[in-house]
Amino acid sequence: MRDVFESALEKLFTDHVSAEAVLNAERDGWQPQLWAAIEESGFALASAPEELGGAGASWDDLFGVLQLCGRFSLPLPLPEALLGNWLLGQCGLEAIAAPLSVAPRADLVWEGGRVSGTLQQVPWGRHVEQVVAVVAGPEPTVVVLATAACSDKILSTNTAGEARDDLVFEQATPLASQSLAAGLAADVLWQGGALLRSVQMAGALQEVMRVAAEYVNERVQFGKPIAKFQAVQHQLAVLAEHVAATRVAAEAACVESTAGLALLPLMAAKICASEAAGIGASSGHGVHGAIGFTHEYSLHLLTRRLWSWRSEFGSLTYWSDQLGQAVCGAGVKLYWPTITSGALPQ
Amino acid sequence: MSIDQFNYTRIPADAELLRAEVREFLSQTLADFPAVRRADSWMGFDAEFSCKLGARGWVGMALPKQYGGADASAFARYVVIEELLAAGAPVSAHWFADRQSGPQILHYGTQAQRDFHLPAICRGERYFCIGMSEPGSGSDLASIKSRARREGDKWVLNGQKVWTTNAHRAHYMIALVRTSDSDNRHGGMSQFIIDLTLPGITVRPIKDLTGSEHFNEVFFDNVELSDDDLIGSEGQGWQQVTAELAFERSGPERFLSSMALLNTLIEMIGEQPDRLQAREIGRLTARLFTLRNMSLAVTRQLQEGKNPAWAASCVKDLGSVFEQEIPEIAQLLTETLPTSSGGSDHARVLAYLMQQAPSFSLRGGTREILRGIIARGLGLR
Ligand SMILES: Cc1cc2nc3c(=O)[nH]c(=O)nc-3n(C[C@H](O)[C@H](O)[C@H](O)COP(=O)(O)OP(=O)(O)OC[C@H]3O[C@@H](n4cnc5c(N)ncnc54)[C@H](O)[C@@H]3O)c2cc1C
């Protein structure tokens, strides 16, 4: 399944998601034609079960798709739509084809059949039509809110010009709602978002690696390609190690998340990817010299995303803290068994 | 070389079944084994323990049944060795035979060499050491000078090896030596299986900076060898050694050397870590978990009969950075005076591993050499 998805989407992105298209999106915002192409391909629905309008694709199946979104700097919330539709599917709700995002954090409360509160840092918030969010509480519910119904928007963008907006709702009637499926945490979208960003970063880092290796073989200084200098070689060797770590960690998180989100692999993936993001941006730019620092040269499309994605849905510090609390709290006897079982101690 | 070689690989269920058995065995056999000795990891030598493992079928287990092995998969062997390393079991005696000499004899050895060595290896009774480095040849291994000359139907070996781990306790050395002149830098070398009791061999232990005796210098003074001692083909020594290095660099011993310290550190911190402690332990845990997944991806390639030399170098380099950082992070997280005697378990394990740590990125190929190999794979050399 993974290969089929990947090759189909790679073709679509190669045709539609050029560096120029990404820059246009950063400048102009939403790219309706691009979204239309994705909507037509049906990819945004893939994570929902077939009976609810999707393709029943697991995170394992979608690993390649998410990596491609990172590699191409896709300027649309396809990863977020996949997460939203996955959660709706888990809770028995119909998948949504319209532009869709998720709320990483929300402080929503029910007031009768309506909800009030703020959805924080919604990716592409100002552009999408609907947002999936979770109303916490003793019986958490998943809700779909129409962005048209929000009473206020506090706009912000990340370092890559991607909208990350707070959406305020007052007494809004959800388009759909359902109890959160058993086994899912109230911060499932936060966890799932960390999974998305880890895999996107794995894709972006592989592209940084590829572009850098290509560039150092072309650029000549002191009469030879700079690739022949050991200091350059070793920087990229270390980068390759981190890219490899990020890739396998992200894949582990996806493969192990077929039943529900696998927290330990997911935390490891976000921590390793966030660490690698800094190294990738530093070495990637380092070996490029001044040309890589220009707007003209497209390396920054990747690095400006890495700088933001590593902090979104929980930073290195956030997830390290969570993981450290969990393993220390369980005591040293469970430490090694936790590593080999791949599951956090209960 | 493609990053895609790092495919997430789950240990197959049948191999995973062994884990409980190994853990049970270790918790009984090593019940009173002190933390400081656990810190010796795969440098800890205990022949009796190796024989016990041999009796359980856990040495040379990937070798064929006809030689006393278990025809086990690379994953089954992985489960056993990672459990041994995580527990700090004293595996050094049989380690090199299990990891590389056994597979090498199976691959290149004559029938007589297999019949003679492999069953003893599988019993945990026969120990090997690896004779590559010489005083003038470390990273530049191809510059070795030890030389075996043909005299009639014999070979006469003269020269010196150095840093040979366990030579003072091993029965045999597999040595890379020069056997002819060659215009090709990588030509003219061959490997011999050398019985260390032969006349003309002197083994002198070299104390390491902690005062421990793990490695040695070995002198060869007109040592007589026969064609039967040659392993593989004459002149193919370099190719054989290169293949061997994939086994040498890919295993969990390349990131678990400081496991004893990570354990005492977590114990010392206790169940309510402060913010800094939680973050650093969390970050180390994520890296450990991921290094293991990288190493399993390499194991899959070994199992499929591929040569994962490039990917193994990635694991070893990233792994030794990790092992070396643990003593540094331990210093950052707790107020512990490292002690060589007296003090708590944690203080002694910290002292020991802090001092051993520099060797982690030397043995088995230095950081710079590994990064060079990785760069070559990336098309930069
Ligand atoms: C604990 C321990 C156990 C060992 N056990 C064994 C054993 O059992 N058998 C065995 O044969 N050997 C063994 N060794 C030796 C080990 O393989 C060598 O130490 C290693 O290959 C480096 O060689 P060297 O020490 O001569 O250092 P050198 O090669 O002299 O290196 C010194 C420094 O120069 C750098 N350098 C060298 N060449 C280059 C280059 N081309 N580019 C950039 N930098 C370079 C190195 O990276 C290193 O930083 C052991 C070593 C240790 C520390």
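Quick caveat: nothing in here was measured; it's all calculated off a predicted structure.
Of the possible donor and acceptor atoms, none in the side chain of B/R371 sits under 3.5 Å from a partner among the backbone N and O of A/Q233. Proximity of a side-chain donor or acceptor of A/N217 to a complementary backbone N or O of B/G379 within less than 3.5 Å is detected.
Put simply, of B/L262, B/T9, B/L276, the one with the most heavy-atom pairs under 4.5 Å next to chain A is B/L262. For chain A, the option among B/Q277, B/R19, B/R367 with the highest count of heavy-atom pairs below 4.5 Å is B/R19. When B/A86, B/A375, B/A278, B/P273 are compared by the number of non-hydrogen pairs under 4.5 Å with chain A, B/A278 comes out ahead. Between chain B and the residues A/A252, A/A240, A/A249, the largest count of heavy-atom pairs under 4.5 Å involves A/A252. Chain A forms the most heavy-atom pairs under 4.5 Å with one residue out of B/N7, B/L296, B/N293, and that residue is B/N7. Ranked by heavy-atom pairs shorter than 4.5 Å toward chain A, the options B/Q272, B/E82, B/E16 are led by B/E82. In terms of non-hydrogen atom pairs under 4.5 Å with chain A, the most contact-rich of B/I269, B/I373, B/V315, B/D4 is B/D4.
Between atom OH of residue B/Y8 and atom CD of residue A/E256 there is a gap of 3.5 Å, rounded to the nearest 0.5 Å. Separation of atoms CD1 (A/I271) and OG1 (B/T285) is listed at 8.0 Å; rounding is to 0.5 Å. With rounding to the nearest 0.5 Å, the separation of SG in A/C272 from CG in B/L318 is 8.5 Å.
Between the side chains of B/E83 and A/W336, at least one donor N or O lies within less than 3.5 Å of an accepting N or O.
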- For the pair B/L288 and A/Y335, evaluate side chain to side chain contact (heavy atoms under 4.5 Å, CB included) and give the outcome as yes or no after the intermediate values. CA-CA 11 Å; B/L288 171 58; A/Y335 187 70; 3.9 Å; yes

- Message: Test side chain to side chain contact (heavy atoms under 4.5 Å, CB included) on B/F6 and A/E251; report intermediate values, then the result.
- Response: CA-CA 9 Å; B/F6 287 95; A/E251 189 184 9; over 6 Å; no

- Message: For a side chain to side chain contact (heavy atoms under 4.5 Å, CB included) check, start with the C-alpha distance between B/T290 and A/V248, then their side-chain angles and the critical distance, and finish with the verdict.
- Response: CA-CA 7 Å; B/T290 301; A/V248 76; 4.1 Å; yes

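Heavy-atom proximity under 4.5 angstrom to chain B picks out A/A227, A/K228 from residues 223-231 of chain A. Heavy-atom proximity under 4.5 angstrom to chain B picks out A/L316, A/T317, A/S320, A/D321, A/L323, A/G324, A/Q325, A/V327, A/C328 from residues 314-328 of chain A. Residues of residues 197-215 of chain A that come within less than 4.5 angstrom of chain B, heavy atom to heavy atom, are A/Q206, A/M209, A/A213 in numerical order.
Heavy atoms of B/R292 lying under 4.5 Å from chain A belong exclusively to its side chain. Heavy atoms closer than 4.5 Å to chain A are found in both the backbone and the side chain of B/E267. In this structure, the portion of A/V216 lying under 4.5 Å from any heavy atom of chain B is its side chain and not its backbone. When heavy atoms are compared at a cutoff of 4.5 Å, B/E280 does not approach chain A at all.
A pairwise comparison of heavy atoms in A/A268 and B/A286 identifies CA-CB, 3.7 Å as the closest pair.
For residues 337-346 of chain A, the pairs satisfying side chain to side chain donor-acceptor pair (under 3.5 Å) are A/T340-B/R23, with sequence neighbours left out.
None of B/I266, B/L265, B/T264 except one satisfies the side-chain contact (heavy atoms from CB on, under 4.5 Å) rule with A/V332; the exception is B/I266.
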